Number of protein chains: 2
Amino acid sequence: MATIKDVAKQAGVSVATVSRVLNNNGYVHENTRKLVIEAIGQLSYKPNEVARSLFKKKSRLIGLLLPDIRNPFFPELARGIEDEIQEQGYQLIIGNIDEKYPKEIDYIQTFKQNNVTGIITATNLTGRSHYDNLSSPVVFLDRTFNDHPSVFADGIEGGRIAASELVKRGSKRITILKGPAQLQTAQDRFNGAIAELRAENVDFSVIETSSFSFSDAEMWAKELFGKYPDTDGILASNDVVAAAVMHEALRLGKAIPEDLQLIGFDDIPLSRLLFPPLSTIRQPAYDMGKEAAKLLIRLINKETHFEKNIQMPVMFIERQTTRKVEKNG
Amino acid sequence: MATIKDVAKQAGVSVATVSRVLNNNGYVHENTRKLVIEAIGQLSYKPNEVARSLFKKKSRLIGLLLPDIRNPFFPELARGIEDEIQEQGYQLIIGNIDEKYPKEIDYIQTFKQNNVTGIITATNLTGRSHYDNLSSPVVFLDRTFNDHPSVFADGIEGGRIAASELVKRGSKRITILKGPAQLQTAQDRFNGAIAELRAENVDFSVIETSSFSFSDAEMWAKELFGKYPDTDGILASNDVVAAAVMHEALRLGKAIPEDLQLIGFDDIPLSRLLFPPLSTIRQPAYDMGKEAAKLLIRLINKETHFEKNIQMPVMFIERQTTRKVEKNG
DNA sequence: ATTAAATGTGTAATCGGTTACATATGAGGT
DNA sequence: ACCTCATATGTAACCGATTACACATTTAAT
């Protein structure tokens with residue numbers, strides 16, 4: 001790999017001049033600039049980002065922390081972030097936390113040690129946090145944290161809408177799958193839903209779950225139908241869990257949506273491919289990622305006067321695990 | 001952030017000694033070592049990885065290139081890699097190529113510029129490649145490339161098995177969804193399948209597809225049933241596409257597996273949650289990731305005498321989109 | 001014509017580590 | 001007592017960039 005010295009020699013100038021051309025600052029004579037650019041081309045020189053980063057204490061890397069890369073919701077967030085930051089010449093480092101707090105600490109440390117320019121975190125273990133005395137800006141995605149910059153969807157409203165749609169469509173004995181206690185987003189959905197059900201005076205039961213994973217989801221589904229075999233409306237904690245519930249319901253021979261209505265949460269790509277296609281509360285994951293990236297870049301550029309807490313809309317996506325509501329209902 | 005100089009001052013020694021303690025090399029008196037370790041603790045000093053990397057021309061970062069982070073197969077690979085390399089103190093940078101060649105070039109460049117210690121690539125655009133004159137070792141995952149180190153599953157055998165299982169279970173008019181032409185893995189599956197079908201003298205049709213994405217999968221499914229409405233056995237190019245096909249088949253009122261059998265490819269976590277659960281050819285994604293990581297670490301450590309091309313077994317996972325085979329068949 | 005400001009370029013310090021080399025001391029061998 | 005070698009530690013060069021500062025040359029202004 002050619003270095004800046006090689007380029008300087010080739011162009012017959014000093015390294016300072018090459019650097020000036022590279023960074024487009026300071027004075028450089030037009031002829032000299034051409035010389036340098038030509039030398040760069042001939043040697044196909046690319047600056048060493050590590051050396052740059054050492055001096056500047058800033059890299060072109062942005063760190064992203066995800067709770068679980070296997071949950072399709074998160075790759076979708078990542079895609080949004082990626083598309084946005086690459087336009088600005090940044091690169092993404094993804095750290096997968098696997099819902100484990102020590103991994104989160106490790107990754108934050110790694111990000112620091114590698115001079116990342118900014119961090120976006122979608123992890124959400126309640127309680128302790130290690131984001132306080134970082135030199136690089138942090139955006140909280142799919143969560144909030146004190147009054148730090150954040151992009152999130154309204155989980156409470158989402159839970160409320162889901163419950164309301166289920167009731168509106170005639171479910172009487174509703175079961176809520178309550179997501180992991182340590183995840184704030186899950187609690188929000190749950191709280192929104194029960195608030196609505198209480199207001200509507202509708203009977204409901206709760207199944208507590210402790211993860212969102214594919215492998216465990218089947219377990220909650222079996223538990224649900226074991227305890228509440230005659231439930232006629234289910235609010236799942238997310239779409240993955242909803243898929244498992246639907247699977248179990250169909251296995252038990254229940255008719256969906258006639259005997260049993262089901263609403264998921266997230267609207268992951270797979271949801272429309274289930275059969276019947278899953279009605280769900282959509283979180284605009286890709287756009288949430290984009291917004292978080294935009295917000296982070298504003299913070300990096302030290303811009304001012306912009307909204308630091310962005311709430312994204314959730315919406316009910318009506319597919320076929322819910323019945324049609326009567327027009328005059 | 002404390003630097004090595006601060007530690008040296010605090011411990012009353014030179015930076016060289018601190019560095020020796022840090023790296024566990026050279027001679028350090030036991031008492032001195034304790035002094036240094038204490039100073040490190042007091043200042044909660046963490047070495048700057050960027051400075052390290054600049055001198056050593058090696059970082060603790062390993063680069064991973066994925067074709068499409070939204071396809072659940074790839075996060076699974078990533079998880080396997082992650083678990084393995086983190087034990088060795090490395091960190092993962094994931095680059096998502098989005099099936100676009102220029103992005104691949106960009107990421108390789110970024111990896112180089114950031115001194116990654118090794119690269120694992122699961123991209124698979126046929127033809128040109130830019131992996132030739134890299135200083136860091138490269139492992140090809142879910143693909144091969146000349147005789148470079150690689151970890152892959154036997155796509156041809158997978159295609160063969162899938163076809164064989166379908167025939168064995170009585171499908172007569174088989175349709176194959178042929179995956180994207182530019183992906184070697186897809187071609188292998190296809191070739192394996194048609195070889196088997198020809199050998200068995202079974203009639204088949206082909207639908208050509210040009211992506212594995214959720215959004216396009218529905219399109220291929222509709223095209224399939226439009227052109228070949230009486231097909232009674234489908235080999236899907238992967239599980240995502242299989243999900244879409246199943247969705248469409250059920251929508252059309254076909255009975256699975258009685259009227260129509262279906263076999264996917266990959267065995268992504270969602271496959272067992274479909275209803276009926278999807279029969280598929282399993283690739284051991286997590287383990288493939290682990291193996292690739294092990295292989296890479298061996299290359300990094302310049303070990304010798306180990307297998308450089310690792311073929312992983314594929315196997316038929318019998319679920320409920322295929323009929324039971326008669327015991328005396 | 002004189003001087004201040006703008007332009008153009010190079011030298012060297014710096015970022016935070018690692019390590020080659022120099023130097024010093026003590027132990028063991030003859 | 002003398003030499004060798006292992007042990008212990010410090011000084012300074014180095015990795016590849018950026019930039020403060022110095023210096024030289026134009027250009028513009030009075």
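Order of the sequence lines sets the chain letters (A, B, ...), proteins ahead of strands, with each chain counted from 1. Just so it is clear, the structure is predicted and the values come from calculations on it, not from any experiment. Scope of the values below: all heavy atoms of this structure, side chains included, with no hydrogens, waters or symmetry mates.
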If only side-chain N and O atoms of A/N23 are considered, is one of them under 4.0 Å from the OP1 or OP2 phosphate oxygen of D/dT18?
yes

Shortest side-chain distance from A/R20, nucleotide among C/dG10, C/dT18, D/dG16:
C/dG10

Does a side-chain N or O from A/N25 land closer than 4.0 Å to OP1 or OP2 of D/dT19, or not?
yes

Judged by modelled atom types alone, do B/E291 and B/Y286 share a side-chain donor-acceptor pair under 3.5 Å?
no

Quickly work out the B/K46 NZ to C/dG17 P distance and round it to whole Å.
13 Å

Please report the distance, rounded to the nearest Å, between NZ in A/K5 and P in D/dC14.
8 Å

Report yes or no: is the cationic atom of A/R143 (NZ for Lys, CZ for Arg) closer than 6.0 Å to the six-membered ring centre of A/F145, at no more than 45° off its axis?
yes

Choose from C/dG10, D/dT9, C/dT18 the nucleotide whose nearest atom is closest to any side-chain atom of B/I4.
C/dT18

If you compare every side-chain N and O of A/R52 against the phosphate oxygens of D/dG16 (OP1, OP2), does one of them come in below 4.0 Å?
no

Which residue in the set B/Y107, B/F111, B/F140 passes ring pair (Phe, Tyr, Trp, His ring centres under 6.0 Å) when paired with B/Y131?
B/F140

B/G12 or B/L54, whichever maps to the more 5' nucleotide of DNA chain D:
B/G12

What is the distance, to the nearest angstrom, from the CD atom on A/E30 to the P atom on C/dT7?
14 Å

Tell me whether the side-chain N/O atoms of A/Y27 come closer than 4.0 Å to OP1 or OP2 in D/dC23.
no

Just by distance, no angles: are the side chains of B/N23 and B/S19 close enough, under 3.5 Å, to form a donor-acceptor pair?
yes

Report yes if a side-chain nitrogen or oxygen of B/T17 is closer than 4.0 Å to either non-bridging phosphate oxygen (OP1 or OP2) of D/dG10; otherwise report no.
yes

Can you tell me how far P of C/dT19 sits from CG of B/N24, to the nearest Å?
13 Å

From the set D/dT9, D/dA17, D/dT11, return the single nucleotide nearest to any side-chain atom of B/T32.
D/dT9

With a cut-off of under 6.0 Å to the ring centre and 45° to the axis, is A/K308 in cation-pi contact with A/F306?
yes

B/F55 CZ - D/dA12 P separation (whole Å)
17 Å

Calculate the interatomic distance between B/H29 atom NE2 and D/dA6 atom C1'; express it in whole Å.
14 Å

Would you kindly say whether B/Y90 and B/E82 are connected by a side-chain donor-acceptor distance under 3.5 Å?
no

Considering only D/dT18, D/dC15, D/dG16, which nucleotide approaches the side chain of A/V15 most closely?
D/dT18

Just call it for A/S53: base, sugar-phosphate, or nothing, with non-hydrogen atoms closer than 4.0 Å on any strand.
nothing

Quick one: which of D/dT19, C/dT18, C/dT11 gets closest to the side chain of A/S19?
D/dT19

What is the separation between atom CE on B/M1 and atom C1' on C/dG16, rounded to the nearest whole Å?
10 Å

Taken to the nearest whole Å, CG/A/N48 to C1'/D/dT18 is 13 Å

Is B/V50 touching bases, backbone alone, or none of the nucleic acid, heavy atoms closer than 4.0 Å?
nothing

Within less than 4.0 Å of OP1 or OP2 of D/dG16, is there a side-chain N or O belonging to B/K57?
yes

Reckon A/T3 touches a base, only the sugar-phosphate, or nothing at all at heavy-atom distances under 4.0 Å?
sugar-phosphate

